[in-house]
Amino acid sequence: MPIRKKSGSSKRVSAKFVIGRERFAQISAVEGIKLTGEMKARSARFEREGLSPAQRRKEIIKAYKKG
């Protein structure tokens, strides 16, 4: 008699995917979020400089940090 596998799994599988800048802008527009000129310029600079995600986060935090 063949052994049957359980059809369900107790582990949760999370899908990982990356959306592009244009698609993100479309989703943000639905939520009522629009990038300012300063934000767009900062993003373009990140692209030119080839910053890693960690470096980008650091720069964004620095831009909004008070004091």
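Predicted, not measured: the structure shown is a model, and the values here were computed from it. Positions are given from 1 along the sequence.
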Exercise. Which residue pairs pass the salt bridge (charged side-chain N to carboxylate O under 4.0 Å, His left out) test when at least one of the two sits in residues 30-42, sequence neighbours left out?
Worked result: E38-R42

Problem set entry | With sequence neighbours excluded, residues passing side chain to side chain donor-acceptor pair (under 3.5 Å) with S43 | R21

Exercise. Hey, does E49 have a side-chain heavy atom less than 4.5 Å from the side chain of Q55?
Worked result: no

Problem set entry | K62 and E59 ion-paired at < 4.0 Å | yes

Exercise. Do you reckon L51 sits in the same ILVMFWY cluster as I60, going by side-chain contacts under 4.5 Å, direct or chained?
Worked result: yes

Exercise. Got R56 and R45 here, is their nearest side-chain heavy-atom distance under 4.5 Å?
Worked result: no

